[in-house]
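Owing to the predicted nature of the structure, the values given are computational and were not obtained by experimental measurement. In each ligand, atom 1 is the first atom listed, and ligand 1 is the first ligand listed.
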Amino acid sequence: MRHFLTLLDITPDEARHILKRAAKMKRQLKEGKACRPLEGKTLAMIFDKASTRTRVSFEVGMYQLGGHALFLHSGTTQLGRGEPIEDSARVLSGMVDGVIIRTFAHDNVQRFAEYASVPVINALTDTTHPCQILTDVFTYEEQRGSIEGKTVAWVGDGNNMAHSWINGAVTFGYRLRIACPEGYCPDSRMMAAARALGADITLTHDPLAAVADADLVTTDVWASMGQETEQAEREIAFTGFRVDARVMSYAKPDALFMHCLPAHRGEEVSADVIDGAQSVVWTEAENRLHAQKGLLEFLMA
Ligand code: CP
Ligand code: NVA
């Protein structure tokens with residue numbers, strides 16, 4: 001029994017296996033062929049935060065895999081009224097075959113996983129968003145081939161997405177260049193841990209330096225869920241960190257642009273970039289379904 005709380009919970013070989021299966025299942029789906037390895041299995045989906053892509057992709061993914069998904073908004077469960085995470089983990093483990101959790105503190109998913117006897121998947125915490133990086137690597141490789149040795153530029157907040165790109169540099173072997181304003185850098189311990197595992201990661205405060213010759217440019221909102229009250233001060237702090245056509249012009253001519261979405265046009269990304277020819281954000285969003293089906297099969301079949 002395995003959990004997927006960060007990318008470091010699976011080996012590079014396992015990640016490769018998941019993406020290979022995801023590609024095969026995507027092809028089969030487009031050809032109208034059924035693939036139902038999770039027949040009779042149920043996934044509980046606990047959400048403490050809003051979601052469009054994650055909720056829909058896991059729910060549709062379970063259906064296509066032959067199983068069933070159960071949406072549990074914390075506000076309408078006893079968890080939301082203070083029933084301990086440890087108790088909820090043991091109760092749900094008796095009835096379902098897997099659990100995904102989107103919550104605030106990363107410690108919540110760790111505690112849930114510790115007491116669960118079924119696989120637990122991190123569907124985003126304040127600290128990481130590993131399912132998205134699995135998808136983003138899948139999407140890059142679909143378009144451009146292996147990401148190993150390629151340069152990924154992260155421009156913006158040192159947030160949950162940035163942290164998962166850091167872990168992904170260990171798993172997938174890309175070079176990661178991060179540009180963040182001072183005071184908004186990723187967790188230095190996570191960077192140090194990834195470097196100790198061989199990841200090539202550099203941190204700068206200059207977006208153009210990070211993007212120079214990059215194969216993939218990516219960003220995310222300046223204020224994540226739970227940081228809404230910081231929006232105004234963050235807009236000031238992130239001045240100069242918008243990914244616009246000038247920033248993209250420093251990357252390789254065939255560089256791709258990605259954003260996990262939802263995006264704020266005119267803030268972290270200009271409309272001409274996100275809606276432009278280098279952007280693959282719609283394929284990236286669709287691929288949440290395919291990449292996570294690979295993950296669900298790996299953990300639950
Ligand atoms: N990218 C992502 O996780 O989107 P949702 O918040 O809509 O799930
Ligand atoms: N960093 C964003 C990602 C949303 C998918 C957030 O946590 O709100």
Side-chain angles (χ1 to χ4, degrees), residues 4-7 22 43-62 69 71-74 99-109 121-140 152 154-168 178-181 184-187 190 216-231 234-235 237-238 241-243 256-265 267-269 274 279-293 295-296:
F4 184 67
L5 307 190
T6 81
L7 279 163
L43 177 75
M45 312 194 299
I46 302 173
F47 282 81
D48 285 341
K49 288 176 171 172
S51 170
T52 299
R53 282 144 287 266
T54 306
R55 176 184 174 178
V56 174
S57 55
F58 271 109
E59 188 161 338
V60 172
M62 275 305 287
F71 176 70
L72 301 169
H73 188 266
S74 56
V99 179
I100 72 162
I101 309 178
R102 169 168 286 198
T103 186
F104 292 88
H106 192 74
D107 176 60
N108 291 342
V109 287
I121 296 174
N122 172 3
L124 181 145
T125 66
D126 290 344
T127 313
T128 52
H129 193 9
C131 294
Q132 185 71 54
I133 286 1
L134 212 50
T135 301
D136 293 359
V137 168
F138 179 76
T139 306
Y140 181 88
V152 176
W154 172 267
V155 178
D157 192 17
N159 63 11
N160 44 12
M161 279 294 299
H163 289 146
S164 284
W165 277 110
I166 288 168
N167 289 338
I178 302 169
C180 300
Y184 295 92
C185 292
D187 185 305
M190 283 182 76
L216 168 61
V217 179
T218 182
T219 187
D220 186 16
V221 291
W222 290 341
S224 285
M225 289 182 275
Q227 298 172 333
E228 288 79 4
T229 59
E230 298 173 28
Q231 178 69 30
R234 282 172 171 266
E235 278 177 31
F238 285 83
F241 280 79
R242 176 174 309 133
V243 177
L256 298 178
F257 172 78
M258 288 192 198
H259 190 308
C260 63
L261 305 178
H264 297 160
R265 287 172 178 75
E267 285 183 37
E268 75 275 6
V269 60
I274 195 168
S279 172
V280 290
V281 297
W282 312 124
T283 307
E284 181 187 1
E286 182 198 317
N287 281 341
R288 291 294 300 278
L289 171 67
H290 309 298
Q292 288 159 194
K293 281 169 70 181
L295 178 67
L296 288 167

Self-check item: The one among Q132, R102, R288 that brings a heavy atom closest to atom 6 (O) of ligand 1
Solution: R102

Quiz item: So which heavy atom in the protein is nearest atom 8 (O) of ligand 2, and how far is it from that ligand atom?
Solution: M225 N, 2.8 Å

Exercise. Answer with yes or no whether K49 contacts ligand 1, where contact means a heavy atom under 4.0 Å from a ligand atom.
Key: no

Self-check item: N/O donor-acceptor pair under 3.5 Å between R102 side chain and A123 backbone
Solution: yes

Practice problem: Could you check atom 4 (O) of ligand 1 against the protein and tell me its nearest heavy-atom contact, residue, atom and distance included? | Solution: R53 NE, 2.8 Å

Quiz item: Under 3.5 Å, N or O to N or O, is R102 touching ligand 2 that way?
Solution: no

Quiz item: For H106, which of D126, T127, T6, T125 qualifies under side chain to side chain donor-acceptor pair (under 3.5 Å)?
Solution: T125

Self-check item: Backbone N/O of M225 and side chain of Q227: donor-acceptor pair under 3.5 Å
Solution: no

Exercise. Report yes if K49 has an N/O atom closer than 3.5 Å to an N/O atom of ligand 2; otherwise report no.
Key: no

Exercise. State whether a side-chain donor-acceptor pair under 3.5 Å links N167 with T128.
Key: no

Self-check item: Distance filter under 4.0 Å to N159 heavy atoms, resulting ligand 2 atoms
Solution: 1 (N)

Exercise. Considering only non-hydrogen protein atoms, determine which one is nearest to atom 7 (O) of ligand 2 and report residue, atom name and distance to 0.1 Å.
Key: N160 ND2, 2.8 Å

Quiz item: Using heavy atoms and a threshold below 4.0 Å, how should the contact between T54 and ligand 2 be classified: side chain, backbone, both, or neither?
Solution: neither

Self-check item: Numbered atoms and elements of ligand 1 in range of C260, under 4.0 angstrom, heavy atoms
Solution: 1 (N)

Quiz item: In ligand 1, which numbered atoms sit nearer than 4.0 Å to a non-hydrogen atom of T52?
Solution: 5 (P), 7 (O), 8 (O)

Exercise. For atom 3 (C) of ligand 2, grab the closest protein heavy atom and report residue, atom and distance to one decimal in Å.
Key: D220 OD2, 3.5 Å

Practice problem: Indicate whether the side chain of S57 and that of Q292 have a donor and an acceptor atom separated by less than 3.5 Å. | Solution: yes

Quiz item: Does L124 reach ligand 1 with a nitrogen or oxygen that is under 3.5 Å from one of the ligand's nitrogen or oxygen atoms?
Solution: no

Practice problem: Identify the two heavy atoms, one from L5 and one from V109, that lie closest to each other, and give their separation to 0.1 Å. | Solution: CD1-O, 4.0 Å

Quiz item: Quick one: does L261 get within less than 4.0 Å of ligand 2, heavy atoms only?
Solution: yes

Quiz prompt | Aromatic ring pairing F238/F241, orientation class (parallel under 30°, perpendicular over 60°, tilted between) | solution = perpendicular

Practice problem: Output yes when a side-chain donor or acceptor of E267 lies under 3.5 Å from a complementary backbone atom of V221, and no otherwise. | Solution: no

Quiz prompt | Distance under 6.0 Å and angle within 45° of ring axis: R234 vs Y184 | solution = no

Quiz prompt | Nitrogen or oxygen atoms of L124 and ligand 2 under 3.5 Å apart | solution = no

Quiz item: So, T219 side chain and V155 main chain: donor-acceptor pair closer than 3.5 Å or not?
Solution: yes

Practice problem: Any atoms of ligand 1 less than 4.0 Å from a non-hydrogen atom of L261? List them with their elements. | Solution: 1 (N), 2 (C), 4 (O)

